[in-house]
A.B. asks: 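Here it is, the structure in full.
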Amino acid sequence: MSVKPRLSRGLRDLLPESMIARQRLIDTVRGIYEIYGFSPLDTPAIEYLDVLSGSAGQEAQQSIFRVTNPEKEDLGLRFDLTVPLSRVVSQHSGISFPFRRYQVAQVWRADKPDPGRFRQFTQFDLDAIGAPCGRADVEIIAAICDSLSAIDAGPYLVRFSSREILNLLLRRAGIRQERAAAVFRVLDKLDKIGLGKVKLELTSGYTDSSGDRIRGVGLSAAQVEVIEEFLSVSGATRSEVLRKLVALFSSVPDSTEQLDVIDGISSTLDALGYHSDRVALDVSIARGLAYYTGPVFEAVLLDAPRFGSVFGGGRYDNLVSRFGGPPIPATGASMGVDRLLAAMEHLGRVRPVKTAAQVLVSVMDETLAGQCMRVAFDLRRAGIRTEIQVAPGKLGKQLKRANRLGIPYVVLIGSNEAERGVVTVKQMAVAMKQGAGIKGHGEWRQARFGQREVARGKVAETLRSLLDHAS
RNA sequence: GCCGACGUAGCUCAGCUGGUUAGAGCGCCUGAUUGUGGAUCAGGAGGUCGAUGGUUCGACUCCAUCCGUCGGUACCA
């Protein structure tokens, strides 16, 4: 009885066609983070369950994939990279702060999968631990911008706000701090469900179209009015929004100090060239997450708003202290690699590439295979990504393979070439263009479009110049 | 998690109110002067009809449960 090949729910294979674009994106972003002087970190996929679940509520524990080991300990797969990071900085006493690291790795959540949302997915995190509010947040936001620009994701907007601004709102509206998490979670949905439903959910709740009862937070009408007034604060620039916030919160004690922090971040961003057209102060950004304590931010692709935020992050000054010791100020952001790729694919900004190979060295005649191999290795040593035909087959089949995989050049070495110490270089695209009008099979075959003979010693040089001109 | 729809070849689907050997297009493989992709033509492979149980003389078709997919909603550290 054979085993049926299959994958469990929410898991998927990433075939070469997906992996090539993905790795290029990751390489590009890694380059940005290294330019910023961040260092790489890796941690195990498996952590102790209590290490993972401490920070999150019990509802969060449900989405942890549980595992065990031969010692029968309770373990789980990491659901993000921030919690393992806070373990690392608490556990390794030799670490010197600020600890600025990046990490790209798989994480797992046992949630219901949705389009573009899987149970195993990749996050690319950038964090600075031991960095108080200010420059560290600025450089995280700047790195988000530089990454989105570098990967050519199209127009984007980083929106940021601050938990402290939201706390001012709570004080102005007379909402107790214990309700903060519930209120923020509802506010975070503004984009998705609109003001009307947000207001309902903040008060009495409502019954949605599927008949599901949505529980309300139970605020008073007067409190919701204050929130609505706050949410209507907007402006063309960050400084305009800030001016309005200063006016709005003038009656709340200490509000200017809190808003000065945001003002500082905003003006530094301006000085560095990150202006309001791509980094907006948007008071509706709450981030659902409970552990944020200061600035919070997220990024969307403006042409693909339905994919939601492709970066998310914020300041979490208390997270590390749950492993004991003093609070360590920290800030960071996480790129949703899968979501970002899905959005860019949707926008046609990811060119599908089936293979990394630029050249296929065909093998027409097994007795000449040695020569073919030598040519292939000459190309490889010249830095040209080269596949050599490793399975037997007719030339037609080999060309078909190159065509299908999108390999732009094929090197042909048969007895004709071998006798004269040359090889034939075929440019697949040129041949396709030249043969466009041809109807008959025989004529097509004999025309041998897009081919040129090159001396054996010049193959690498020739292909190098062809490739350079093509790109 | 909850509500709803759906599940037939690798993909997109057809299959009349239950009735013999389940079809098409695309894709794939082979071939059409043995050293040439494409187009065209000719062949071919591939499905225990999502799984299990039930109703029936008989089930791809009806029923139940499970699994999965899609849509909505919730969640998203």
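Chain A is the first sequence line, chain B the second, and so forth, proteins listed ahead of strands; every chain is numbered from 1. Hydrogens, waters and symmetry mates play no part in the numbers below; they use all other heavy atoms, side chains included.
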A.B. asks: With a 4.0 Å cutoff (strictly under), does any side-chain N or O of A:Arg401 reach OP1 or OP2 of B:C29?
C.D. replies: no
A.B. asks: Looking at A:Lys397, does any N or O in its side chain come under 4.0 Å of the phosphate oxygens OP1/OP2 on B:U30?
C.D. replies: yes
A.B. asks: On RNA chain B, compare the nucleotides closest to A:Lys394 and A:Ala431; which residue's is nearer the 5' end?
C.D. replies: A:Lys394
A.B. asks: Tell me the interatomic distance from A:Gln398, atom CD, to B:G35, atom C1', rounded to whole angstroms.
C.D. replies: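 Distance, rounded to whole Å: 10 Å.
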A.B. asks: Taking atom C1' of B:A39 as reference, at what distance in whole Å does atom CZ of A:Phe449 sit?
C.D. replies: 13 Å
A.B. asks: Nearest to the side chain of A:Gln446, heavy atoms from C-beta on, is which of B:C76, B:U33, B:G37?
C.D. replies: B:U33
A.B. asks: Please pick, from B:U36, B:G38, B:U30, the nucleotide with the shortest atom-to-atom distance to any side-chain atom of A:His441.
C.D. replies: B:G38
A.B. asks: Has the side chain of A:Lys426 got a donor or acceptor that lies under 3.5 Å from a partner of the other kind on the base of B:U36?
C.D. replies: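 For A:Lys426, whose side chain was compared with the base of B:U36, there is a donor-acceptor pair (under 3.5 Å).
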A.B. asks: Checking the side chain of A:Gln398 only, and the main-chain atoms of A:Gly393 only, is there a donor and an acceptor separated by less than 3.5 Å?
C.D. replies: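 Yes, A:Gln398 side chain to A:Gly393 backbone: donor-acceptor pair under 3.5 Å.
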A.B. asks: Picking from A:Leu412, A:Ile413, A:Val411, what satisfies side-chain contact (heavy atoms from CB on, under 4.5 Å) with A:Cys372?
C.D. replies: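 For A:Cys372, the side-chain contact (heavy atoms from CB on, under 4.5 Å) check succeeds only for A:Ile413.
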A.B. asks: Under 3.5 Å for both donor-acceptor distances, Watson-Crick or wobble: does B:G1 have a partner, and if so which one?
C.D. replies: B:U73
A.B. asks: Got a salt bridge between A:Arg119 and A:Asp111, using NZ or NE/NH1/NH2 to carboxylate O under 4.0 Å?
C.D. replies: no
A.B. asks: Hey, is A:Asp127 close enough to A:Arg100 for a salt bridge, meaning N to O under 4.0 Å?
C.D. replies: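 Salt bridge: no.
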A.B. asks: Under 6.0 Å between ring centres: does that hold for A:Tyr316 and A:Tyr291?
C.D. replies: yes
A.B. asks: Please state the P separation for the pair B:G25 and B:G44 - nearest whole angstrom.
C.D. replies: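 Straight-line distance between the two P atoms is 13 Å.
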A.B. asks: With a 3.5 Å cut-off and heavy atoms only, can you find an N or O donor on one side and an acceptor on the other between the side chain of A:Asn403 and the base of B:G38?
C.D. replies: no
A.B. asks: Establish, for the pair A:Arg380 and A:Phe377, whether the NZ or CZ atom is under 6.0 angstrom from the six-membered ring centre and no further than 45 degrees off its axis.
C.D. replies: yes
A.B. asks: Tell me whether A:Arg12 forms a cation-pi arrangement with A:Phe118, defined as NZ or CZ under 6.0 Å from the six-membered ring centre and within 45 degrees of its axis.
C.D. replies: yes
A.B. asks: Measure CG/A:Asp13 against C1'/B:G10 and give the value in whole Å, please.
C.D. replies: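 Result: 15 Å.
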A.B. asks: Select one nucleotide: of B:G35, B:C75, B:U33, the one nearest the side-chain heavy atoms of A:Glu417.
C.D. replies: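 Selected nucleotide: B:G35.
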A.B. asks: Under 4.0 Å: is that the gap between some side-chain N or O of A:Arg445 and OP1 or OP2 of B:G35?
C.D. replies: no
A.B. asks: Where the side chain of A:Leu395 is defined as all heavy atoms beyond and including C-beta, which of B:G37, B:G35, B:G31 is the nearest nucleotide?
C.D. replies: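 Nucleotide nearest to A:Leu395's side chain: B:G35.
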A.B. asks: Quick one: is B:G37 close enough that its OP1 or OP2 comes under 4.0 Å of any side-chain N or O from A:Arg448?
C.D. replies: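 A:Arg448 to B:G37 OP1/OP2: no side-chain N or O under 4.0 Å.
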A.B. asks: Name the closest nucleotide to the A:Lys189 side chain, picking from B:C75, B:G35, B:U30.
C.D. replies: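 Comparing B:C75, B:G35, B:U30 against the side chain of A:Lys189, the answer is B:C75.
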A.B. asks: Could you measure between the two C1' atoms, the one in B:A74 and the one in B:G27, and give it in whole Å?
C.D. replies: 40 Å
A.B. asks: Using a 4.0 Å heavy-atom cut-off across all strands, classify A:Asp365 as base, sugar-phosphate, or nothing.
C.D. replies: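 Since no nucleic acid heavy atom lies under 4.0 Å of A:Asp365, the category is nothing.
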A.B. asks: Can you tell me how far C1' in B:U30 sits from the matching atom in B:G71, rounded to whole Å?
C.D. replies: 43 Å
A.B. asks: Using the P atom as the point on both nucleotides, what is the distance between B:G23 and B:C60, in whole Å?
C.D. replies: 14 Å
A.B. asks: Just name whichever nucleotide pairs with B:C16, Watson-Crick or G-U, keeping both distances under 3.5 Å, else none.
C.D. replies: none
A.B. asks: Please report the distance separating the C1' of B:A45 from the corresponding atom of B:C29, rounded so that it comes out in whole Å.
C.D. replies: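 After rounding to an integer number of Å, I get 7 Å for this pair.
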A.B. asks: Quote, to the nearest angstrom, the P distance that separates B:C49 from B:G53.
C.D. replies: 13 Å
A.B. asks: Is any NZ, NE, NH1 or NH2 atom of the basic residue among A:Asp317 and A:Arg315 found under 4.0 Å from an Asp or Glu carboxylate oxygen of the other?
C.D. replies: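 Looking at A:Arg315 together with A:Asp317, the answer is yes, because their closest N to O distance falls below 4.0 Å.
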A.B. asks: Please check if the distance between the ring centroids of A:Phe65 and A:Phe79 is under 6.0 Å.
C.D. replies: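 Not close enough - the centres of the two rings lie 6.0 Å or further apart.
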A.B. asks: Rounded to whole angstrom units, what separation is found between the CG atom of A:Leu368 and the P atom of B:G35?
C.D. replies: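 Checked: the CG to P distance equals 12 Å.
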A.B. asks: I want to verify a distance call: between B:C29, B:A32, B:U36, whose nearest atom is closest to the A:Leu399 side chain?
C.D. replies: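 The answer is B:U36, which lies nearest to the side chain.
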A.B. asks: Find the distance A:Asp111:CG to B:G1:P and express it as a whole number of Å.
C.D. replies: 10 Å
A.B. asks: Applying a 4.0 Å non-hydrogen cut-off, can you work out what A:Gly396 is touching in the nucleic acid: base, sugar-phosphate, or nothing?
C.D. replies: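 Sugar-phosphate contact only - A:Gly396 comes under 4.0 Å of backbone atoms but never of a base.
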A.B. asks: Given atom CZ of A:Arg404 and atom P of B:U36, what is their separation to the nearest angstrom?
C.D. replies: 17 Å
A.B. asks: Where the side chain of A:Met432 is concerned, which of B:C76, B:G35, B:G38 is the nearest nucleotide?
C.D. replies: B:G38
A.B. asks: Starting at CG of A:Asp188 and ending at P of B:C75, how long is that distance when rounded to a whole Å?
C.D. replies: 10 Å
A.B. asks: Tell me the interatomic distance from A:Phe79, atom CZ, to B:C75, atom C1', rounded to whole angstroms.
C.D. replies: 14 Å
A.B. asks: Within the pair A:Arg12 and B:U69, is there a side-chain N or O less than 4.0 Å away from OP1 or OP2?
C.D. replies: no
A.B. asks: Report yes if a donor N or O on one partner sits less than 3.5 Å from an acceptor N or O on the other, where the partners are the side chain of A:Gln451 and the base of B:U36; otherwise report no.
C.D. replies: yes
A.B. asks: Specify the residue among A:Gly440 and A:Gly10 whose closest nucleotide of RNA chain B lies further upstream toward the 5′ end.
C.D. replies: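 Between the two, 5'-proximity favours A:Gly440.
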A.B. asks: May I ask which nucleotide in the shown strands pairs with B:C28, Watson-Crick or G-U wobble, both distances under 3.5 Å?
C.D. replies: B:G44
A.B. asks: Once you apply the 3.5 Å cut-off to both distances, tell me the Watson-Crick or G-U wobble partner of B:U65, or none.
C.D. replies: B:A51
A.B. asks: Please give the distance between the C1' atoms of B:C3 and B:G10 as a whole number of Å.
C.D. replies: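 These two C1' atoms come out 33 Å apart once rounded.
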A.B. asks: Taking 5.5 Å and 30° as the limits, would you call A:Trp444 and the base of B:A39 a stacked pair?
C.D. replies: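 Per 5.5 Å and 30° rule: no stacking.
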A.B. asks: With a non-hydrogen cut-off below 4.0 angstrom, is A:Ser362 in contact with a base, only sugar-phosphate, or nothing?
C.D. replies: nothing
A.B. asks: Using a heavy-atom cut-off of under 4.0 Å over every strand shown, decide if A:Lys439 touches base, sugar-phosphate, or nothing.
C.D. replies: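 Since a base atom lies under 4.0 Å of A:Lys439, the category is base.
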A.B. asks: Please state the C1' separation for the pair B:C66 and B:C6 - nearest whole angstrom.
C.D. replies: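 About 16 Å, rounded to a whole number of Å.
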